[in-house]
Every structure is written in structure tokens, then in C-alpha cells.
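Encoded as C-alpha cells, the structure appears first; notes follow it.
Every heavy atom of this structure was used, including side-chain atoms; hydrogens, water molecules and symmetry mates were not.
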Amino acid sequence: MTDKIMKKLSYRNMKRSAKDYLVYMLTMTLVVALLYAFGSLIFQNGLEQYFSMKLQGLMGVMIGLATFFIMLIVSWLINYMVKFMLERRSAEFGIYLLLGMKKRTIARLYIRENFLLGGVSFLIGTAAGILLQQVLMAVMFSMVQMEYRLSIAPDGRTMLMAAVCFGGCYLLALFRCKRKFKKMNIQALMNAKRRNEEIREKHEHRKQLLFPLSVFFILLFWKMFGRLSSTQQVMYFLIGLVVTIYLFYLGLSAFVICYVRKGGAAVYKGQNLFLLRQFASKMRTMQFTMGTLTALFTIAFLGCTVAMMFSDYQNKILETKFPFDVQINCADTEDDFADELEVIEESAKISEAYPYHIYARIQKGAQGGANGARADECIPEESQVNIWLSTHLKTFGRTYLNEDGSPNLKKIAKDSGQGAFYCKYDTYMKLSDYNRLRSMLGYPAVSLGEHEYLIHLKERIRQEAGNLKDDITIRGNEGELQFAGYYAEPFSQDGHNGGDYVIVVPDSQEALLTPYYSELAVDIEGEAPFGLGNQLDHIGGPKSRDDTGEDEDIAGHKALPGNICCGSDTIVVMSVENLVRDNLIPEMKYMLSSLIFPCFYIGLVFLCVALTVLSVQQLSDSANYKFRYSVLKKLGMNRQEIGMVILKQLACYYLCPVFLAAVIGGSVSVFMSGKFIFYTGIHTAVANYFGFAFLLFFGIYVLYFITTYVSFRRNVEV
């Protein structure tokens, strides 16, 4: 056969395959578009230049990691489809052999067809990816509150990466297919298509027990999920869950077959016998594939859920994390912030600047006693709130408790200060400073009696701190102070105005307090200029630690030890000395976007891959079903009734892996959502994140289902 004829035949077969497997072509085009668009964030990320060095490259690393896992699944899809199309066309290739064509020629013909299919998908997908890239960049710039200008131009590095990844997947699949093709003879080729239609019913009564057993284990895994406490337990859990998913389909197929054999009550109602036999056949021949699809759907659910979580955090929490325009922390209690104010004045117009102290109540000899505290000692009065929170908040669990439930004072003292959750001593603030700061934030002033105190804490821990007031004693000049209430407005409590909390006392109690560290709060007109935070970070010089454990800066001033903390936030932690709201919020949003975008990326690709396999399997069988549905028509069914049977058949087939994935993914998502809401303090219903992810899933699912239904019905119409 001449090369010209080979090219013509390859082109003709490619067009026929593109028509028969249109869903596969569209999915591969979408994969290339996503691969190019998200890959551009590695090479064409125009945002990184605006952020600190520690964030540069973060988006690229996360996208690269996501792309690695996506390529594994895309490789599986291409390999699955190449092998699947080979088996569907095996009779055709067998005839070619009978006509005298060599295996090498047929293999080259088939490889050329697939390269043409892949090439068309790559070209269209790249063009779509260039447009999608502009959408992604516009969204990212909008998230970090910056203006984006469209720049539609292909990038050679991005295109090369997409070509290498996509082409590598195709080459690997075609290489494996070529090896398999060489081992087949005419008889094997002629019988390959029938092999998928065979149903071997052996030991079905035993196998059907796997169905209720796998359901039981899925429920058991769901109950155990919240109790996993180590990496080893998580690994065992995941392995067991994966095995159970695959056994579920083996047991389900056997269960349906046994139910049909017994002639159950529902078998002979309507078209149930036809539908049950078709369903059992598909489950038996595709049990491994269905298990894989369930895993892909589950990962898609979880990826979208995680993305929804952090997207919601961006929109609801970040604005409250940094209430002041500028806030500066300094361990030196004698610092007047003259250098910082000078830098700020050079870049922005200051409306109000207020320096103040955060205080500690340090009794004589407390420093040495706290360091050497024993578990049987009384709780020291100067750190009683820190100890109470360390031993009562769910965030810490039993980390700081002894076996008998008493506070482990030695461990608490060891972990306090110098970047820990809490400072070494409880943090206090004068009422006048407190009201001045409230005024800067637009909050109403509060009043305290001479013998009262209040506690301002994060809203996240407000519900857990109910008994705090009953378990602590705050003493004043003339005896014990009375508790006057909790306040929980946003108040910059990630190491500035205390870590999680600050105790507010009347100014008359100042004699009992020791300045612990210095703070400066600044209101500026308009937005802070880009890079102001970096300029503030470069003020000052290195610090050294002397033999007493105290910090000494270059000016020779002494700072109390243990006065650096960050609060008990665990999922998203942002504690900096120089806090510039208009610099930090975009930086935090960019950091969170480095997690949100890859999660959406993975979820969307996995979802489309799984739905593609479902669609192609049904559409490729439409020729066989045409005869079966013609029999139903001869038995008296009209066109509308046949359409309803097709709808039921596709719905059962489509819903089976989706339903199991929704149960597993939904359970895990709700558990994760509950933990996320608890640790971040965000006000969102537990089921919302999975609900939004499911709606996104359902929208794409409906598009694939409708496309499959219309094509399937057109193919089997008689």
C-alpha cells in the first residue's frame, strides 16, 4: 500500500473516529486548554513580581504538582481509549490482515490516526487555552485587587510544556498498544470485540455477599474517619477504602444476577428485566473501570470542596484579620517608632497614629519559677489565661495535659513565647488605649468600673471560652476585679493585640503592670502603596541574645523574653511584625489562590475524564443496542417508550459510580468542612462547601448526560 493511500485512509478513519468518539475529542481538547491555561501560571505569572520572595514560585510548584497527578489520569484515559478503540475495530483490522496487509502497516495506520486525533485536539485546545489563560489571569488579578490588561499571545515555554505532557501521554499509550497489537493474530482480532460482551457467571451466590459486606465496610470507614490519628492509620484507611470500592461493583453485579435468577418481584415489571440484564452485563465487564471512575469522582468532589473552603475564607475572613491600615510590633518597650513613622509619611498621608504598650503582670521571681514549673505546682497568676486556653481549647486537645487531666505547666512554659501560640505571660491593655483603638476602628467606646475588667478575644474561640471567667482571678490594687464581659470584634490578635485575647483593665491598675512590648496603630488616607510592608521590614538592625535570655537590640535597649506569639490559628496562619493591610490581603489571597486553583484544576479534569469514559462506553455500544431496541419495537413498544427505556438505562449506568462517590466524598467533605469551620471561625453551614461542589459537578454531569442521551438515541433509532 502506497504512502498516499495510507494517508488518505488514516484521514478518513480519523474523521470517522472523531464523529464516533466526539465526547472523547471534546474532553481531550478541554484537557489541553486547561493544561495550557494553568501551565501558563508557571511561566507567565505576572503577579509574582508584586509579592515577597517567599511567595515567588509557590503557584508554579503547586500547579506543577497538580499537573503531575493530572497527567497520570490523562495517561490512563488515553491508554484506555486507545485500547478501547482498538478492540472495537479489531474485526476491521482482522479483515485487513486477511487482505494481505502486514501487522506493521496496520499498526502504523492506527498510530497515525490517533496522532491526527491528538493533533487536532492539541491545536484546538491550545487556541482555547490561550483565551482561557486570559480568564484565569483576570480572575487572579481581581482576587488580589489589581487591574489586569489583556495580552493574548502564545508563549513558547507554555506550549512546549503542554506538548511534552500531552504528547508523552499519547506516545506511552500508543507504544503499549503497538506491543499488544504485535502479539495478536487474525483470530484474536476477530474475537477481541466479543470478549467484552461475555458474561461469566460463576459462584454468583458467593460473590453477591460482597455487596452488603462492602456497604457495611464503607459505613464502618465513614465512622472511623474522624478517629484517625496517625499517617499509618490514614494509609490503611485509604487502602481499605479503595479495595472496598472495587469489591462493591463485583458484589453489585453478582447481586443483580442472582436477583434476576430468583425472579424477584420487580424483575417482570415493565422493562426491568431488560434493564437489569444490561446493567449486570456492564457492571461485570467494567467492574474495575467503575471502581476507578468512582475514585476519580470522589477526588473531584474533594478537590472542588477544598477549593470552595479556601475561596470562602478569602471572601469572609481575610478582611477581618487585619482591621488596622498599618500596625507595627516591637519587642523593645522603649521604641518610639520614629523611623517607621518617617517611612510611612514618605509613602502615604497619615490620618492618625497611636503608639501604645501591651502589658504583662510579672511578679517578683515569676520568671525563674515559670521556667522551672512542676506539674504539681499551682497555676501561676501571671500566666493563668495562657494556661487555661492551652488546656481547654479543642485546638490543642490533650497536648498540654497530664495523664490525670491536670495542666502540664512545664511543657506550657517551654512552648510559650518566641513565636509560640501564646506569650510567656498573660497580655494586658489599658482601657484608654483600648478605647482609642476601638475609635480608630469605628467601634463604640466601652466603660469599666474601677474594680472591673473585660476580655477581648477572637470570635472563633468565644464559644469555647465560656468558663474562662470563672476559672481565673484578676487582682487589682484593692482586691479582686470583677468580670465585665467578653468582646469579640476584629482586633488584630495574631500577635499584636495579644495572641487570641487581651485583658483590658482600668488605667488606675497600671502600677501593677509591666510594659511587655510596644505597638503602633496607624490610619492612612486612601490605600497603602505597594511595597510599604517591605520597606518597614528593612528598618532596624539585627538582634542578639544575651546570657539572661533577654533580647537586646542595637540601641542597647532590653526587651522582656517570651513576648512573641501568633495565636492558635492552625489552618491559615499569618503573623508578621509589620502589618500593612493593603499589602498583606493581596499577598494572602495570592497564597490561598495557589491552593484554590490547583484544586479546581484537578477536580475539573478528573470529573471530565470520568464522565468521558462513561459516555464513550455507552455510545460505542449503541450499534449492539440498536438490534435489541428493534426487538423491543417489534414487541409493541412505541418511540416514546423506547426513549424512556434508554433514559433509564443511561441513568442507572451514570448514577451508580456517581452515587457511591457522592456518599464517600460527601461524608469526607462534610467532616473536613466541620473541622475547617471550627478552626477558622468562618460562619458557613457545614454542608455548603460540598453542596456548591456538587452543583458544579451536577452542571457538568448534566451536559455530558444530555450529549450521551441524544447521541445514543440517534444511533439506536429504528
Side-chain angles (χ1 to χ4, degrees), residues 30-31 33-42 45 47 55 57-74 129 132-133 135-144 165 225 234 238 294-318 570-573 587-611 661-662 664-677 679-680 682 684 686-701:
L30 176 62
V31 167
L34 292 173
L35 183 62
Y36 183 93
F38 282 93
S40 68
L41 299 180
I42 301 176
N45 191 347
L47 279 175
L55 290 183
L58 177 61
M59 178 70 77
V61 171
M62 297 301 294
I63 292 293
L65 188 62
T67 300
F68 171 76
F69 289 107
I70 285 171
M71 284 301 99
L72 293 179
I73 299 304
V74 172
L132 181 59
Q133 177 212 4
V135 176
L136 283 180
M137 293 305 299
V139 170
M140 284 187 61
F141 271 77
S142 176
M143 289 173 66
V144 300
C165 292
F225 183 74
V234 172
L238 293 176
T294 299
L296 292 179
F297 283 136
T298 302
I299 295 173
F301 278 134
L302 296 179
C304 290
T305 299
V306 171
M308 291 291 182
M309 288 180 187
F310 286 97
S311 178
D312 196 34
Y313 182 90
Q314 274 189 342
N315 298 328
K316 293 182 178 179
I317 298 296
L318 276 187
T570 54
I571 294 181
V572 181
V573 181
E587 190 169 302
M588 286 287 288
K589 286 187 174 182
Y590 179 76
M591 182 181 69
L592 293 175
S593 298
S594 300
L595 180 63
I596 294 171
F597 277 59
C599 286
F600 267 125
Y601 182 24
I602 290 175
L604 186 59
V605 172
F606 279 31
L607 173 61
C608 292
V609 166
L611 289 173
I664 298 173
S667 301
V668 177
S669 295
V670 169
F671 174 81
M672 291 193 308
S673 299
K675 294 295 184 181
F676 184 82
I677 291 170
Y679 286 116
T680 60
I682 196 170
T684 301
V686 174
N688 272 17
Y689 299 126
F690 177 73
F692 286 129
F694 186 82
L695 287 177
L696 174 64
F697 174 97
F698 185 74
I700 300 174
Y701 170 89

Open item on the list: Ignoring hydrogens, what is the shortest heavy-atom contact between Ala37 and Gly129? Give both atom names and the distance.
Closed with: CB-O, 3.8 Å
- [ ] Would you give the length of the straight line joining atom CD1 of Ile682 to atom OH of Tyr689, rounded to the nearest 0.5 angstrom?
- [x] 3.5 Å
Task: Thr680 versus Ile317, closest heavy-atom pair with distance - done: O-CD1, 4.2 Å
Task: Considering all heavy atoms, the nearest Val686-Gly674 contact - done: CG1-N, 4.1 Å
Open item on the list: If you compare all heavy atoms of Cys608 against all heavy atoms of Leu30, which two are closest, and at what distance to 0.1 Å?
Closed with: SG-CD2, 3.4 Å
Task: Value rounded to 0.5 Å, distance of CZ in Phe676 from CZ in Phe671 - done: 14.5 Å
Show me the side-chain donor-acceptor pairs of residues 297-309 shorter than 3.5 Å, one per line, residues at least two apart or across chains.
| from | atom 1 | to | atom 2 | distance (Å) |
| --- | --- | --- | --- | --- |
| Thr298 | OG1 | Thr294 | O | 2.8 |
| Thr305 | OG1 | Phe301 | O | 2.7 |
| Thr305 | OG1 | Ser669 | OG | 3.3 |

Open item on the list: With heavy-atom distances below 4.5 Å as the criterion, would you say the side chains of Ile73 and Phe69 are in contact?
Closed with: no
TODO: Enter the distance from Leu34:CG to Thr67:OG1 here, rounded to the nearest 0.5 Å.
DONE: 10.0 Å
TODO: Please examine the side chains of Leu607 and Tyr701, heavy atoms only from C-beta on, and report whether any two atoms are closer than 4.5 Å.
DONE: no
Task: Short side-chain to backbone donor-acceptor contact, Ser593 and Lys589, under 3.5 Å - done: yes
Task: Distance in Å, Asp312 CG paired with Leu592 CG, rounded so as to fall on 0.5 Å steps - done: 11.5 Å
Open item on the list: Testing the basics here: between Lys316 and Thr684, what is the closest heavy-atom pair and its distance to 0.1 Å?
Closed with: NZ-OG1, 3.0 Å
Open item on the list: Would you call the rings of Phe694 and Phe690 parallel, tilted or perpendicular, taking 30° and 60° as the class edges?
Closed with: tilted
Task: Rounded distance (nearest 0.5 Å) linking atom CZ of Phe38 with atom CD1 of Ile70 - done: 8.0 Å
TODO: Report yes if the side chains of Phe606 and Val609 come closer than 4.5 Å at any heavy-atom pair, otherwise no.
DONE: no
TODO: Report, as yes or no, whether the 6.0 Å neighbourhood of atom OH on Tyr679 holds more than 12 heavy atoms from other residues, nucleotides or ligands.
DONE: yes
Task: Heavy-atom side-chain contact between Leu696 and Leu604 under 4.5 Å - done: no
Task: Non-hydrogen atoms of Gly64 and Ile42 that approach each other most closely - done: N-CD1, 4.1 Å
TODO: Report yes if the side chains of Tyr36 and Leu132 come closer than 4.5 Å at any heavy-atom pair, otherwise no.
DONE: no
Open item on the list: I'd like to know whether Gln133 forms a side chain to side chain contact (heavy atoms under 4.5 Å, CB included) with Leu41, so could you lay out the CA-CA distance, the side-chain angles of the two residues, the decisive distance to 0.1 Å, and finally the verdict.
Closed with: CA-CA 8 Å; Gln133 177 212 4; Leu41 299 180; over 6 Å; no
Task: Non-hydrogen side-chain atoms of Phe597 and Met62 separated by less than 4.5 Å - done: no
